[in-house]
Amino acid sequence: MRRRLVLDTLFLNNLSEVERYFGLSFKTIKSRLGGSLDVAASERALRAARTTMTAAKVLGSHDAARSYMHTRNFALGGGTPAELVKTAE
């Protein structure tokens with residue numbers, strides 16, 4: 001149940017984005033389906049889900065939040081919120 005909640009709230013739209021965000025190959029992702037993530041990947045997934053859920057509350061919808069997460073932002077040094085949330089700092 002918790003895994004599904006996290007997946008539903010992520011801003012990632014396709015497998016290519018999942019590979020880049022978690023730094024994993026398709027083969028590794030496929031082998032881990034139904035299993036657990038390591039600590040670093042779990043933390044990254046929860047951080048992404050929390051950020052996306054907060055953006056959805058502020059912006060009014062998950063679609064708006066996903067779009068926002070991929071939009072370059074001057075206040076973030078020209079990066080996207082998705083790029084920023086990938087790191088713990």
Side-chain angles (χ1 to χ4, degrees):
M1 171 93 171
R2 186 174 181 177
R3 183 181 316 144
R4 184 76 244 165
L5 176 64
V6 170
L7 288 173
D8 288 346
T9 59
L10 286 176
F11 55 81
L12 305 169
N13 296 312
N14 56 51
L15 184 57
S16 177
E17 287 182 12
V18 173
E19 288 177 309
R20 283 193 309 272
Y21 186 76
F22 288 103
L24 300 171
S25 69
F26 171 74
K27 185 176 180 179
T28 301
I29 293 168
K30 186 176 176 185
S31 72
R32 290 188 183 178
L33 287 176
S36 297
L37 296 172
D38 61 36
V39 174
S42 293
E43 173 61 29
R44 190 175 286 165
L46 287 172
R47 191 168 49 247
R50 285 185 197 120
T51 304
T52 306
M53 287 172 46
T54 300
K57 285 179 186 177
V58 170
L59 300 172
S61 74
H62 265 48
D63 289 338
R66 285 182 175 169
S67 177
Y68 167 76
M69 294 299 290
H70 294 286
T71 302
R72 298 216 172 273
N73 187 319
F74 177 77
L76 302 177
T80 68
E83 294 165 346
L84 184 64
V85 80
K86 187 175 179 180
T87 62
E89 291 100 42

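- Pro81 is listed as a side-chain neighbour of Leu76, based on a closest heavy-atom distance under 4.5 Å.
- Residues passing the salt bridge (Lys or Arg N to Asp or Glu O under 4.0 Å) test with Arg20, sequence neighbours excluded: none.
- Taking 4.5 Å as the limit, some side-chain heavy atom of Val85 sits within range of a side-chain heavy atom of Met69.
- With hydrogens and angles ignored, the 3.5 Å screen pairs no side-chain donor or acceptor of Ser67 with any backbone N or O of Asp63.
- With sequence neighbours excluded, the residues satisfying side chain to side chain contact (heavy atoms under 4.5 Å, CB included) with Ala64 are Leu59, Ser61.
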* To do: Assess whether side chain to side chain contact (heavy atoms under 4.5 Å, CB included) is satisfied between Tyr68 and Asn73, documenting all intermediate values.
  => CA-CA 9 Å; Tyr68 167 76; Asn73 187 319; 4.0 Å; yes
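- A pairwise comparison of heavy atoms in Ala65 and Ala56 identifies CB-N, 3.5 Å as the closest pair.
- Between His70 and Arg66 the shortest heavy-atom distance is CD2-O, 3.0 Å.
- Under the rule for a side chain to side chain contact (heavy atoms under 4.5 Å, CB included), the partners of Thr80 that lie at least two apart in sequence or sit in another chain are Arg72, Ala82, Glu83.
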